[in-house]
Peer 1: 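Take this structure first; my questions come after.
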Amino acid sequence: MSPRRTETGGRIDRLRTIRFTFDGAPYTGHAGDTLASALLASGVTLFGRSFKYHRPRGLLSAGVEEPNALVTVLRGEVREPNIPATMVEIYDGLVAVSQNRTPSLAWDIGAINQLGGKILSAGFYYKTFMGPVIGPLKGTRFWMFCEHFIRRAAGLGKAGIAPDPARYERMNAFCDVLVVGSGPAGLMAAKAAADQGARVILADLEAHFGGSANWSGETIDGMPAADWAQRMAAQLAGNDNVRLLPRTTVWGYYDGNTLAALERVTDHKEVAAKGEPRQRYWAIRAGTVVLATGSFERPLVFPGNDRPGVMLAHAAERYVNEYSVLPGQRVALFTNNDSAYRSVVALRKAGAAVVAIIDVRSDVSNEMRRLASDAEAELLAGHAVVATEGGKALTGLKVQRFDAMSGSLSGDERSIHADSLLMSGGWSPTIHLASQAGAKAEWDPARQAFLPPKPTQRWIGAGAFTGSFSTAEAIAEGRAAGLQAAGGTASSGPLPVVEAAPGDPNPAPVFEIRAKGKSFVDFQHDVTAEDVRLAHREGFVSVEHLKRYTTLGMATDQGKNSNVPGLAIMAEALGKPIPEVGTTRFRPPYTAVSIGSLAAERFGDLKPERLTPMHDWHIANGARMYSAGLWYRPMIYGLPGETVEQAYVREAKATRDNAGIVDVSTLGKIAVQGPDAAEFLDRVYTNMFSTLAVGKARYGLMLREDGLAFDDGTTWRLGEQDFLMTTTTANAGKVMQHLEYFLDVIWPELKVTVTSVTDEWAGAAIGGPDARAILAACVTGTAVDNATLPFMGIVHGRIAGVPVMICRLSFSGEMAFEVYSGAGYGTRVWEALIEAGKPFGLVTYGLEALGTMRIEKGHVTGAEIDGRTTARDLHLDWMLSKKKPFIGSAMMDREGLIAPDRLELVGLIALDNRALNGGGHIVEELDEANPHDSIGHITACCYSPALGKYIALALVKGGKARHGTRAFVSDPLRNRFGPVEIVSNHFYDPDGSRMHG
């Protein structure tokens, strides 16, 4: 039998022994143990070292809020640091190591920092290392000397560098009711909503549903609360409209009732089953959310409160009731409330000796005195703990008389021998998700805690989350919340009957015992009560400044234990009530989230990969792909032995001679709809769109508010109030933000909706002299002749039985058509077009050929619309309407934007028949040894099969006036110098006769 494992009780499987290692030493536990409970059962008291002082630390809690016992779990070469030992389910072969120590946990050289005293107080690195004059180390030089050592000491766990071989998944879920937390309140809410026929998701971060029912020792409906919870979970599992998500932490609450969750699918297994991911990221969109997330017990702040063996009272109760592990043999309790008395009664029943109950309140109720008697403990009412004794384990404590009203100590100190000290400073509702959803928390003076704000989204609270700390209240609120969330009526049926220990949940307003010695507020970052007062003395009086100056409530803790005590100490220093001081806004994630889960199936790159509907076809047919923005697009469809240049020249020439087809699914597509859609487009674009006929498209230009060019594209009028806007691939997101900003902020009165539909449409552009004939061979339901489908006309038909929308427009300078179909049918339509084009010599072409033809034609893209050019610079001033104002019209005629020496778009021809490079400068006089006096730069370049020359587009000072003159390209980085001729940017078919047919 393990030193602290009780002979009976708990919810572990004593028939299954599990072997694991911690810091290289072998240990055993049982199925159902956490790493924390298994080590505690084996007599381990030292779990970690604190961040700054490297003080020895033991277990403080039994759940996700654990700040001390952070470990690194090793799977082969893969390291995962900063996992609370309380959340690691043991399995055969588990390898865990402690953190923040050298060379070992027992003997850590970093403990020398404890001698630093006030030198290592809050903000010490600013005050100590950035100013003193020590010999030659003046000013910041001393910091630069110390920086290397400080950065090596920073952080807690050590990140690994080995590739993670695990697989991750991403899931989207929709439900009527999402219940977060599966304690009595959550179970009742889920059942009530499910009984109303609602689609319910119940998520809990623990492995077993039931929450506090699993360890409270209470009775519900005549059975142990743990058995009642298990029965409720089994009933929910049998419902088709309920999805249960154990080991799932809901960590973020976002707009539109969208919540993010992380499911730990196989972290508790030695080997994952075939096809199982390690973790699964859930994006849950809920009609209504029931927040039944419970509450955290708070520590008390007193000297030596961080010593191994000092633990939260209800954590000790959970260890003994759920894991059958005693935190010590001689136990003392220090409390300011009634709830902790139940904990020592549970420990006494399990065999521990309760040597004393120290209560700061002098007027302890008769019910609590009776519980103290049941625990066979001496009750020291009106006393406080003023010190603890021991090194790497607790050996005793000192108590003194205490006046809760004045906070003063009196009388002589008394020593008490104990190897475990339980503490309870009241309860803080777990309001993180509600805070993320919006609004400020509200202070409750009776509970001495921040309660959730009034909902700004569709959520309902229940149980301890709302400050209702009794199980009976939680059950009643849970059922009411579930019914309300599902739209049901109040139920008059009987509620489960709860038998629980008596007690008043309201604590005495005592947070700190001021005595000699370090009293810790934030255990993880070694923030002491004196650090908080120092921050106040140095002017950091805002809670946000306090947090950042002292690091209170940062890192993995995020204020779960330390937030309220820290605010109380700051409030006392300021002479203000706690609600006036306020609290910081909790931010997602609630707990640490692995990057692997966020990336899910997409990995291997730091940015996401967007694939067009025809992506697999491109790969199968020899396309060489590359990243264009976030999209993967074909560069070329190379033949064996072809260079990139040879391939794109062949593709472009074949398109101009016969026909070519290119995937344009990546173009931004935005649906602009509503009674004021036409008016809105008139304001957004520089030219008119309200006059556009239904069934026609028009080329449009957008400016920024400062008058500079922003984006161009075509917009199609599909109905009186229905437009489809297309944008450049690179600017799709920016244009969407641009439109939403003006609708939400500048013109909220306009009745317009904008919706990104880029991913809804697959697009293929087919161009060349034979393009119309190819379409005629495969399109049904409409004619495609010039009368039916004129330039910028739109028709609807079918290809291979798939509904398509066809617009006649050109980016290549040839007669061309864009064919749009639903994304799911993109490949089918693409293949049908290619099959129809075979008799005509149709070729597929990629971005290189596309760019070549657009350069020959002189079309502008992001290379020319670079945030510095105007419509006049790009010779698009013909699109600037004089009949209406538009975004940017008030600023586009500023003196600097109409200066005669501005850079203007021109064409260049290389006179030495050598390739040009984007970014190369243009100069009037060539000086290879000392390049200077640039008059412009190249924006795009290629070999032109139509001209048989190397050409480029460029932005050159006074460009139009320089047509027909010579200059030089000066590119010293690539050693490219040579003569060029400046010409019009319209190299090919300047009158548009080929495009218009």
Peer 1: Short question: side chain of S542, backbone of E544 - any donor-acceptor pair under 3.5 Å?
Peer 2: yes
Peer 1: So, the side chain of R79 versus the backbone of V73: is there a donor-acceptor pair under 3.5 Å, distance only?
Peer 2: no
Peer 1: Among R514, K516, R537, K518, which residue satisfies the salt bridge (Lys or Arg N to Asp or Glu O under 4.0 Å) criterion with E530?
Peer 2: R537
Peer 1: Measure the shortest side-chain to side-chain distance between L94 and L35 over non-hydrogen atoms and say whether it is less than 4.5 angstrom.
Peer 2: yes
Peer 1: If you apply the rule salt bridge (charged side-chain N to carboxylate O under 4.0 Å, His left out), what do you find for E65 with K560, and how did you get there?
Peer 2: CA-CA 6 Å; E65 72 273 29; K560 295 180 180 69; over 6 Å; no
Peer 1: Can you list the residues that meet the salt bridge (charged side-chain N to carboxylate O under 4.0 Å, His left out) rule with R330, with sequence neighbours excluded?
Peer 2: none
Peer 1: Looking only at heavy atoms, what is the nearest atom pair of F523 and S50, with distance?
Peer 2: O-CB, 4.3 Å
Peer 1: Contact between E512 and F302 at the side-chain level, heavy atoms closer than 4.5 Å - yes or no?
Peer 2: no
Peer 1: Side chain to side chain donor-acceptor pair (under 3.5 Å), that's the test. Do R318 and S37 meet it? Break it down for me.
Peer 2: CA-CA 10 Å; R318 181 174 180 184; S37 67; over 6 Å; no
Peer 1: Just so I know, are the side chains of P84 and L70 near enough to count as touching, which here means a heavy-atom distance under 4.5 Å?
Peer 2: yes
Peer 1: Are D13 and H30 close enough that a side-chain donor and a side-chain acceptor fall under 3.5 Å?
Peer 2: no
Peer 1: Could you tell me which non-hydrogen atom of R49 sits nearest to which non-hydrogen atom of A106, and how far apart they are?
Peer 2: NH2-O, 3.1 Å
Peer 1: Are Y281 and V593 close enough, and set up right, to give a side chain to side chain contact (heavy atoms under 4.5 Å, CB included), and what steps lead you there?
Peer 2: CA-CA 9 Å; Y281 165 68; V593 178; 5.7 Å; no
Peer 1: Can you name the side chain to side chain donor-acceptor pair (under 3.5 Å) partners of D204, sequence neighbours left out?
Peer 2: S182
Peer 1: Run the side chain to side chain donor-acceptor pair (under 3.5 Å) test on T395 and D419 for me, step by step, so that the C-alpha distance in whole Å, both residues' side-chain angles and the decisive distance to 0.1 Å come before the verdict.
Peer 2: CA-CA 5 Å; T395 58; D419 60 0; over 6 Å; no
Peer 1: So which atom in G29 and which in R5 form the shortest heavy-atom distance, rounded to 0.1 Å?
Peer 2: CA-NH2, 4.2 Å
Peer 1: Would you confirm whether S42, through its side chain, and V44, through its main-chain N or O, come within 3.5 Å as a donor-acceptor pair?
Peer 2: no
Peer 1: Given side chains that start at C-beta, do those of T430 and L433 come closer than 4.5 Å, heavy atoms only?
Peer 2: no
Peer 1: For V564 and T583: C-alpha separation, side-chain torsions, deciding distance, then whether side chain to side chain contact (heavy atoms under 4.5 Å, CB included) applies.
Peer 2: CA-CA 8 Å; V564 171; T583 183; over 6 Å; no
Peer 1: So among L300, L422, L60, L59, which one has a side chain to side chain contact (heavy atoms under 4.5 Å, CB included) with L312?
Peer 2: L60
Peer 1: Any donor-acceptor pair under 3.5 Å linking the side chain of R264 with the backbone of L205?
Peer 2: yes
Peer 1: Taking salt bridge (charged side-chain N to carboxylate O under 4.0 Å, His left out) as the test, write out the residues that go with K269, two or more places apart.
Peer 2: E276
Peer 1: Got a donor-acceptor contact below 3.5 angstrom from the T388 side chain to the G304 backbone?
Peer 2: yes
Peer 1: Taking only Lys NZ, Arg NE, NH1 and NH2, and the carboxylate oxygens of Asp or Glu, determine whether R16 and D33 approach each other closer than 4.0 Å.
Peer 2: no
Peer 1: Check whether any side-chain heavy atom of K398 sits under 4.5 Å from a side-chain heavy atom of I416, and report yes or no.
Peer 2: no
Peer 1: Would you say D522's side chain and S562's backbone share a donor-acceptor pair under 3.5 angstrom?
Peer 2: no
Peer 1: Step through it carefully: locate the ring centre of H314, locate the ring centre of W427, and say whether they are under 6.0 Å apart.
Peer 2: yes
Peer 1: Do any N or O atoms from the side chain of Q400 and from the backbone of L409 form a donor-acceptor pair under 3.5 angstrom?
Peer 2: no
Peer 1: Side chains of P246 and H208: does their closest heavy-atom pair fall under 4.5 Å?
Peer 2: no
Peer 1: Can you name the one residue among K52, R55, R57 that meets salt bridge (Lys or Arg N to Asp or Glu O under 4.0 Å) with D526?
Peer 2: R57
Peer 1: How about Y590 and H432: are their ring centroids closer than 6.0 Å?
Peer 2: yes
Peer 1: Roughly how far, to the nearest 0.5 Å, is OG of S343 from CE of M311?
Peer 2: 11.5 Å
Peer 1: With distance as the sole test, does N336 use its side chain to make a donor-acceptor pair with the main-chain N or O of V360 at under 3.5 Å?
Peer 2: no
Peer 1: List the steps and the verdict of side chain to side chain contact (heavy atoms under 4.5 Å, CB included) for V64 and F296.
Peer 2: CA-CA 10 Å; V64 70; F296 291 127; 4.1 Å; yes
Peer 1: Return yes if a side-chain donor-acceptor contact under 3.5 Å exists between Q279 and D267, otherwise no.
Peer 2: yes
Peer 1: For the residue pair F22 and F47, categorise the inter-ring angle as parallel (less than 30°), tilted (30 to 60°) or perpendicular (more than 60°).
Peer 2: tilted
Peer 1: If you apply the rule side chain to side chain contact (heavy atoms under 4.5 Å, CB included), what do you find for F334 with I357, and how did you get there?
Peer 2: CA-CA 6 Å; F334 180 30; I357 296 177; over 6 Å; no
Peer 1: Strictly below 4.0 Å, N to O, side chains only: are E263 and R278 in salt-bridge contact?
Peer 2: no
Peer 1: Please confirm whether H525 and F51 have ring centers closer than 6.0 angstrom.
Peer 2: yes
Peer 1: Looking at L40, is its backbone amide N or carbonyl O close enough to the side chain of Y323 to form a donor-acceptor pair, meaning the two atoms are under 3.5 Å apart?
Peer 2: no
Peer 1: Does the side chain of M423 come within less than 4.5 Å of V310's, by heavy atoms?
Peer 2: yes
Peer 1: Taking the side chain as every heavy atom from C-beta outward, state whether L421 and V385 have any atom pair closer than 4.5 Å.
Peer 2: yes
